[in-house]
Structure formats: C-alpha cells, structure tokens
Amino acid sequence: MKLQRATINAALCFIVLLTAGPACCDSQPTLKDVFAKDFLIGAALNNAVVSDKDPNAAAIVQRHFSAITAENVMKWAPIHPEPNRYDFAPADRFVAFGEKNKMFIIGHTLVWHHQTPSWVFKDANGSDIGREVLLERMKDHIFTVVGRYKGKVKGWDVVNEALAEDGRLRKTRWMNIIGEDFIAKAFEYAHQADPDAELYYNDFSLDTEKEKCDGAVAIVKNLKSKGLRIDGVGIQLHGGLDYPDKESLEYAITALAATGVKVMITELDIRTRSWGYRGADINRINRQSTTDSGAADDETQQKLAQKYAELFSVFLKHKTDVNRVTFWGVYDATSWIGGSPLLFDRNYQPKPAFFAVVKTAQE
Ligand code: G3I
C-alpha cells in the first residue's frame with residue numbers, strides 16, 4: 001500500500017513540475033532574501049505582469065522582488081490622456097498587485113518632459129499657456145493621481161530627468177513656461193497630496209557624468225533650502241558592460257548621500273551592445289538600436305555577470321546609503337532595450353549574472 005502511495009505522490013509532483021512553467025522550478029535563492037539585510041530589491045513592471053498576461057514573469061516578481069515600480073502606466077500620457085479624462089485601470093491593477101504581494105510600491109513619474117501630452121502645455125487655441133495655468137494643471141494632476149493612491153504608493157518619482165548632461169536644467173516646456181521652480185512646485189504639491197509618501201528626484205547618467213550628479217545635488221539642496229520634503233534621489237543606472245566605472249558610481253552615491261537623502265538605484269539594466277549612445281533618453285535609444293547579435297554568447301554572459309557583480313559589490317559597500325536596487329524590467333524579452341540586459345533570459349531562466357549577483361551577497 002505504502003509503495004503505491006509513494007508512486008502516486010511522485011507522479012503528482014512530476015505533473016506539477018511539468019505544468020507550472022519555468023519560474024516554478026526556480027530552486028535558487030531569492031534576490032529579496034539574500035539582500036534582505038542590505039536593501040530592497042525591486043523591478044519595474046509592465047501592464048502584462050499585473051494583468052495575468054505574463055504569469056511566468058509575475059511568478060519571478062513574487063519570488064524575487066520586494067519593491068515594484070510602474071514602468072509606464074502611471075506616466076502622464078497613459079493615466080491622464082485628455083484634460084478631463086483619467087484612465088486609472090492599469091495603474092489600479094499595478095497597485096493591487098503590489099498590495100496583494102505586500103510589496104513597496106513606487107509611482108513613476110509625475111513630472112517628465114516625455115510622455116506628457118501636448119494639451120498640457122496648450123490653450124484651446126493651441127497657443128502656449130502661461131506659468132499660472134500650467135502650475136494649476138500640474139497641481140490638479142498631482143493631487144488627483146497621488147491622492148488616489150494615498151497610503152498605497154509609498155514613494156513617488158516626483159520629477160524625472162530634469163537635468164542635461166552638463167548639470168544645468170533642461171530647456172523643457174516645464175522649465176520654459178514655469179521657470180526653475182517647477183521642480184519645487186512639483187515636490188510641494190506631491191507632499192500636500194500625500195504627506196506620508198516618500199518623494200524622489202530621478203535621473204540617468206548621474207553615475208557617469210560628474211557635472212550631472214552635481215546638478216542633482218544642487219536640486220536636493222535647493223529643495224531642502226525651501227523647507228520642502230525630498231527623501232531620495234534615484235540613480236537610474238542604465239549601464240553597459242564597461243560602464244559605469246566604480247569610481248564614478250561611488251562618487252555619485254557618496255555625493256548624493258552627503259545631502260542627507262536616501263540613494264536608490266532605480267532603473268538598473270546593462271546593455272550588452274558595446275558601442276553607441278550611453279544615456280537613457282528615449283529619443284536616442286530603444287530596443288531596435290541596442291540589438292546585440294552576440295547577446296547569448298558565453299563571453300557576453302560572463303562579461304554581464306562580472307559587471308553586475310562589480311556593481312552589486314559597490315552597492316553592498318555603500319549599503320548604509322543605498323536603500324533600494326530596482327531592475328528596469330523582469331526578464332530580457334520585455335526590456336525596453338535589446339541585447340541581454342537583465343538577470344533572467346527570454347525564457348524566464350536565471351542567467352550567469354543572476355548567480356554572480358547572489359554570490360556577492362553571500363560573500
Ligand atoms: O501603451 C501604448 C500602446 O497603446 C500603443 O499601441 C503603443 C504603440 O505606440 O505604445 C504604447 O506605449 C508605449 C509604452 O512604452 C508602453 O509600452 C510607448 O509608445 C513607449 O514610448 C513606452 O516606452 C517606455 C519609455 O520609458 C517611454 O515612456 C518604455 O517602455 C520604458 O521602459 C521607458 O522607461 C524610461 C523611464 O520611464 C525613465 N527613465 C528612462 C527609461 C528608459 O527610457
């Protein structure tokens with residue numbers, strides 16, 4: 001009788017393993033556990049992950065990550081496409097996924113010069129509006145969006161990518177119409193909308209361009225001089241196989257931490273194509289422009305593993321300042337860039353880089 005039961009149990013286990021998909025068999029240690037004493041580990045989620053359209057990706061998120069960022073659904077264009085119309089359904093699904101899985105939920109992003117519809121800056125005749133009208137529209141948007149998720153979204157990327165590479169403010173429509181204080185106003189409105197939410201400034205190339213990092217330090221100091229709340233700065237860290245170097249990354253972490261804010265790695269991925277534009281401006285880079293025919297080669301995968309291990313050794317060295325590391329995506333097939341940028345491959349399998357990252361924590 002016992003032999004029969006054992007046989008049946010073994011058969012059932014085999015069937016479960018066969019039918020549950022790749023992520024179920026992940027017997028490796030989980031990222032959120034190996035770094036539990038160091039910093040939150042997160043991922044940016046697309047709409048498919050939180051809409052039951054990519055269950056294997058959702059399984060990876062539930063197993064490995066303790067923080068989630070909305071990759072797109074909370075940007076102005078998708079959530080507020082017309083003056084009197086909001087589309088909250090995708091963002092509601094994102095927040096519900098985070099609450100169900102008891103994750104730290106980050107809203108991305110309230111004020112950005114990309115993915116903001118033109119109507120925001122125009123009057124009914126199509127002419128540019130003035131400072132006061134645009135401030136009113138910014139306030140209405142922030143109060144509506146942040147207010148809806150009050151107490152649920154724990155941190156907001158309030159302003160995204162306001163700096164040019166030389167550390168001066170970009171000449172965006174936000175800047176040209178309102179003036180330099182559009183940043184302060186955005187943080188003021190976000191704090192009024194949810195006094196308990198953490199508020200962040202987020203940008204790319206802070207880890208490679210010293211002047212740009214110094215520009216972010218200046219933004220923090222300016223906000224603090226006005227008595228405004230800012231809790232952290234996001235170093236996006238869209239890196240490559242040979243950048244950022246340790247020194248420039250450590251400069252950014254220490255310079256930003258010295259202002260008294262948390263430092264977060266907010267959009268981590270590593271492009272494997274070794275040439276071309278190194279920033280993250282969507283006008284200059286996308287999946288097509290970063291394809292890499294050698295992405296799956298062992299040599300590439302070993303270089304990727306080495307670079308991720310090097311970056312995580314820096315994060316661990318500065319873990320008193322770094323409080324979160326978020327990957328910009330879950331697995332390679334749905335990354336915003338081509339090549340082999342993340343820890344899980346196109347078939348949801350952990351890559352050598354995954355094991356190299358886990359090893360840094362165990363060392
Ligand atoms: O949802 C629409 C869909 O309805 C439409 O049919 C389709 C075709 O145009 O577009 C879809 O929207 C796309 C969206 O991703 C969702 O897939 C936008 O065109 C596309 O531009 C958008 O790209 C995102 C990009 O930001 C611009 O918002 C990327 O997925 C996203 O990874 C990228 O992330 C940015 C961060 O927010 C800020 N830091 C840099 C980072 C990389 O550029």
Grab the two heavy atoms, one from [X] and one from [Y], that are nearest each other, plus how far apart they are.
| X | Y | result |
| --- | --- | --- |
| Leu342 | Leu268 | CD2-O, 3.8 Å |
| Val159 | Thr109 | C-OG1, 4.2 Å |
| Leu110 | Ala190 | CD1-CB, 4.2 Å |
| His238 | Gln236 | CD2-OE1, 3.3 Å |
| Tyr201 | Phe187 | N-CZ, 3.8 Å |

With a 3.5 Å cut-off and sequence neighbours excluded, list the donor-acceptor pairs that the side chains of residues 164-171 form with protein atoms.
{"unit_1": "Glu165", "atom_1": "OE1", "unit_2": "Lys212", "atom_2": "NZ", "d": "2.6"}
{"unit_1": "Glu165", "atom_1": "OE2", "unit_2": "Ser205", "atom_2": "OG", "d": "3.4"}
{"unit_1": "Asp166", "atom_1": "OD1", "unit_2": "Arg168", "atom_2": "N", "d": "2.8"}
{"unit_1": "Asp166", "atom_1": "OD2", "unit_2": "Arg168", "atom_2": "NE", "d": "2.8"}
{"unit_1": "Asp166", "atom_1": "OD2", "unit_2": "Arg168", "atom_2": "NH2", "d": "2.9"}
{"unit_1": "Arg170", "atom_1": "NE", "unit_2": "Glu161", "atom_2": "O", "d": "3.0"}
{"unit_1": "Arg170", "atom_1": "NE", "unit_2": "Leu163", "atom_2": "O", "d": "3.1"}

*Does Arg287 have any side chain to side chain contact (heavy atoms under 4.5 Å, CB included) partners at least two apart in sequence or in another chain, and if so, which?*
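Ser335, Arg346.
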
_Listed partners of Glu310 passing side chain to side chain contact (heavy atoms under 4.5 Å, CB included), at least two apart_ =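 Glu310: side chain to side chain contact (heavy atoms under 4.5 Å, CB included) contacts with Lys246, Lys307.
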
_To the closest 0.5 Å, what do you measure between CD1 (Ile68) and CG (Leu45)?_
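Going from CD1 on Ile68 over to CG on Leu45, the span is 5.0 Å.
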
*Tell me, with the steps shown, if Phe65 and Lys32 meet side chain to side chain contact (heavy atoms under 4.5 Å, CB included).*
CA-CA 5 Å; Phe65 300 114; Lys32 64 185 177 186; 5.9 Å; no

*asked:* Going by side chain to side chain contact (heavy atoms under 4.5 Å, CB included), Val120 matches just one of Leu134, Ile129, Ile177. Which one?
replied: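 Result for side chain to side chain contact (heavy atoms under 4.5 Å, CB included) with Val120: Leu134.
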
_Lys319 bridged to Asp321 by N-O distance under 4.0 Å_ =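 A salt bridge is absent here (no side-chain N lies under 4.0 Å from a carboxylate O).
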
*If two hydrophobic side chains count as joined below 4.5 Å and joins carry through other members, does Val357 share a cluster with Val314?*
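Yes, Val357 connects to Val314 through the hydrophobic network.
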
*Are Val146 and Trp76 co-members of a hydrophobic cluster defined by side-chain heavy atoms under 4.5 Å apart?*
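Yes; tracing contacts between hydrophobic side chains, which count when under 4.5 Å, links both residues.
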
*asked:* If hydrophobic residues (ILVMFWY) are linked whenever their side-chain heavy atoms come closer than 4.5 Å, directly or via other members, who joins Ile106 in its cluster?
replied: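 Listed partners: Leu40, Phe104, Tyr200, Met264.
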
_Just to verify, what does Tyr243 make a ring pair (Phe, Tyr, Trp, His ring centres under 6.0 Å) with, not counting sequence neighbours?_
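Tyr243: no ring pair (Phe, Tyr, Trp, His ring centres under 6.0 Å) contacts found.
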
*May I have all residue pairs that pass salt bridge (charged side-chain N to carboxylate O under 4.0 Å, His left out) and include part of residues 292-301, sequence neighbours excluded?*
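Listed by first then second residue: Glu299-Lys303.
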
*Which word best sums up how the rings of Phe315 and Phe312 line up, parallel for under 30°, tilted for 30 to 60°, or perpendicular for over 60°?*
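Ring orientation, 0 to 90° scale: perpendicular.
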
*Please name the residue in the list Tyr348, Tyr331, Phe344 that meets the ring pair (Phe, Tyr, Trp, His ring centres under 6.0 Å) test with His64.*
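That would be Phe344.
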
Who pairs with [X] by salt bridge (charged side-chain N to carboxylate O under 4.0 Å, His left out), at least two apart in sequence or on another chain?
| X | answer |
| --- | --- |
| Asp214 | Lys210 |
| Asp245 | none |
| Asp345 | none |

Sequence neighbours left out, cut at 3.5 Å: what donor-acceptor pairs do the side chains of residues 147-155 make with other protein atoms?
{"unit_1": "Arg148", "atom_1": "NE", "unit_2": "Asp92", "atom_2": "OD1", "d": "3.0"}
{"unit_1": "Arg148", "atom_1": "NH2", "unit_2": "Asp92", "atom_2": "OD2", "d": "2.7"}
{"unit_1": "Tyr149", "atom_1": "OH", "unit_2": "Asp92", "atom_2": "N", "d": "3.4"}
{"unit_1": "Tyr149", "atom_1": "OH", "unit_2": "Asp92", "atom_2": "OD1", "d": "2.5"}
{"unit_1": "Lys154", "atom_1": "NZ", "unit_2": "Gly151", "atom_2": "O", "d": "2.9"}

*asked:* Could you tell me if the side chain of Ile270 sits less than 4.5 Å from the side chain of Pro341, heavy atoms only?
replied: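 They are not in contact (no side-chain heavy atoms under 4.5 Å apart), so the answer is no.
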
Got a list of side-chain donor-acceptor pairs under 3.5 Å for residues 322-330, not counting sequence neighbours?
{"unit_1": "Arg324", "atom_1": "NH1", "unit_2": "Thr326", "atom_2": "OG1", "d": "2.9"}

Would you tabulate the side-chain donor-acceptor contacts of residues 255-262 under 3.5 Å, counting partners in other chains and residues two or more places apart, or write 'none'?
{"unit_1": "Thr259", "atom_1": "OG1", "unit_2": "Leu256", "atom_2": "O", "d": "2.6"}
{"unit_1": "Lys262", "atom_1": "NZ", "unit_2": "Glu198", "atom_2": "OE2", "d": "2.4"}

*asked:* Could you go through Phe204 and Ile235, starting from their C-alpha distance and side-chain angles, then the distance that decides it, and tell me whether this counts as side chain to side chain contact (heavy atoms under 4.5 Å, CB included)?
replied: CA-CA 6 Å; Phe204 63 82; Ile235 299 173; over 6 Å; no

*Test side chain to side chain contact (heavy atoms under 4.5 Å, CB included) applied to Gln192 and Lys139, step by step*: CA-CA 10 Å; Gln192 287 170 350; Lys139 185 175 184 178; 4.1 Å; yes

